[in-house]
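This report concerns only the one structure given below.
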Amino acid sequence: MPTTPATAANSSSNGASQAILLELVDEHGNTIGTAEKLEAHQAPGQLHRAFSVFLFDEQGRLLLQRRALGKYHSPGVWSNTCCGHPYPGEAPFAAAARRTHEELGISPSLLAEAGTVRYNHPDPDSGLVEQEFNHLFVGMAQAPLRPDPEEVGETAFVTPKELADRHAEAPFSAWFMTVLDAARPAIKELTGPSGGW
């Protein structure tokens, strides 16, 4: 991964883990400060910048990931291709590309902005709160996946019908439907009318 000022500031040269800082924002998405990641997610939650990525294959199927069981927040649930938080000062687009590569081992093709959505989703299982100003991105997955097992438990490419069936049977992240619905106009533009999204 290329080192940028934002990523360099959030990594340690001696391998020691540092507190991960998130960018706090106001209701319009303007940066107003920073907070430690876990602190920002503790009830009632602090509004912070996030991103969500939706990648599709050549057949117009959406790439889902099941979050690894070892994750502290929403472990073992299905969600969109990739989601996370930019480092303070890191552009959301750059963060989305970086985390997709870190989690799934691929670089997205034709990655494009798909708007923003603001939400407040408590997670009853963990007691944590997703209070986020989320930047949405859509693109293509055109290379073999190499998921990091510490981040990703499982992956699946699904059609809209397969997603509906899976969503009815398996647990999904609290934010999944909110970000999917907000990204639908850009998803339809990317996948075309025959995609069914």
Are Phe51 and Phe137 close enough, and set up right, to give a ring-ring contact (aromatic ring centres under 6.0 Å, His included), and what steps lead you there?
CA-CA 8 Å; Phe51 64 83; Phe137 299 93; 7.0 Å; no
Note, [X] side chain near [Y] side chain (heavy atom, < 4.5 Å):
| X | Y | answer |
| --- | --- | --- |
| Val179 | Asn80 | yes |
| Leu47 | Asn120 | no |
| Leu62 | Phe157 | no |
| Leu110 | Val138 | no |

Report yes or no: do Gln65 and Glu103 form a side-chain donor-acceptor pair below 3.5 Å?
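The answer is yes; a qualifying pair exists.
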So does [Y] get a backbone contact from the side chain of [X], meaning a donor-acceptor N/O pair under 3.5 Å?
| X | Y | value |
| --- | --- | --- |
| Asp57 | Arg61 | yes |
| Gln131 | Pro44 | yes |
| Thr116 | His135 | no |

Interatomic spacing from [atom1] in [X] to [atom2] in [Y] - rounded to 0.5 Å:
| X | Y | atom1 | atom2 | result |
| --- | --- | --- | --- | --- |
| Leu64 | Cys82 | CG | SG | 12.5 Å |
| Thr191 | Arg184 | OG1 | CZ | 10.0 Å |
| Glu39 | Thr34 | CD | OG1 | 9.0 Å |
| Leu180 | Ile187 | CG | CD1 | 5.0 Å |
| Leu145 | Leu63 | CG | CG | 5.5 Å |
| Ser194 | Gln59 | OG | CD | 11.0 Å |

Near [X] [atom1], under 6.0 Å, is it more than 12 heavy atoms from other residues, nucleotides or ligands?
| X | atom1 | value |
| --- | --- | --- |
| Glu113 | CD | no |
| Glu189 | CD | no |
| Glu150 | CD | no |

Do [X] and [Y] share a hydrophobic cluster (ILVMFWY, side-chain heavy atoms under 4.5 Å, transitive)?
| X | Y | value |
| --- | --- | --- |
| Val117 | Met177 | yes |
| Val158 | Leu190 | yes |
| Trp78 | Leu104 | no |
| Val25 | Leu22 | no |

I'd like to know if Glu102 and Arg98 make a salt bridge, using a cut-off of under 4.0 Å between side-chain N and carboxylate O.
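Looking at Glu102 and Arg98, the cut-off is met.
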Between Leu111 and Leu55, is the side chain to side chain contact (heavy atoms under 4.5 Å, CB included) condition met? List the steps.
CA-CA 8 Å; Leu111 191 65; Leu55 297 184; 4.2 Å; yes
Work out which heavy atom in [X] is nearest to a heavy atom in [Y]; give both atom names and the distance.
| X | Y | value |
| --- | --- | --- |
| Gly76 | Leu69 | CA-CD2, 3.7 Å |
| Ser74 | Val77 | O-CG2, 3.3 Å |
| Val129 | Ala43 | CG2-CA, 3.8 Å |
| Pro86 | Pro92 | CG-CA, 4.0 Å |
| Glu36 | Ala19 | CG-CB, 3.9 Å |
| Thr100 | Pro108 | CG2-CG, 3.8 Å |

Mutual orientation of the aromatic rings belonging to [X] and [Y] [parallel < 30°, tilted 30-60°, perpendicular > 60°]:
| X | Y | value |
| --- | --- | --- |
| Phe172 | Phe176 | tilted |
| His85 | His48 | tilted |
| Phe56 | Trp197 | perpendicular |

Going through the distances and angles, do Ser79 and Trp175 end up as a side-chain hydrogen bond (donor to acceptor under 3.5 Å, both in side chains)?
CA-CA 8 Å; Ser79 199; Trp175 61 87; 3.3 Å; yes
Pick one: which of Glu90, Glu23, Glu132 meets side-chain hydrogen bond (donor to acceptor under 3.5 Å, both in side chains) with Arg49?
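Output: one option passes, namely Glu23.
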Residue from Arg99, Arg67, Arg66 passing salt bridge (charged side-chain N to carboxylate O under 4.0 Å, His left out) with Glu151:
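Only match with Glu151 under salt bridge (charged side-chain N to carboxylate O under 4.0 Å, His left out): Arg99.
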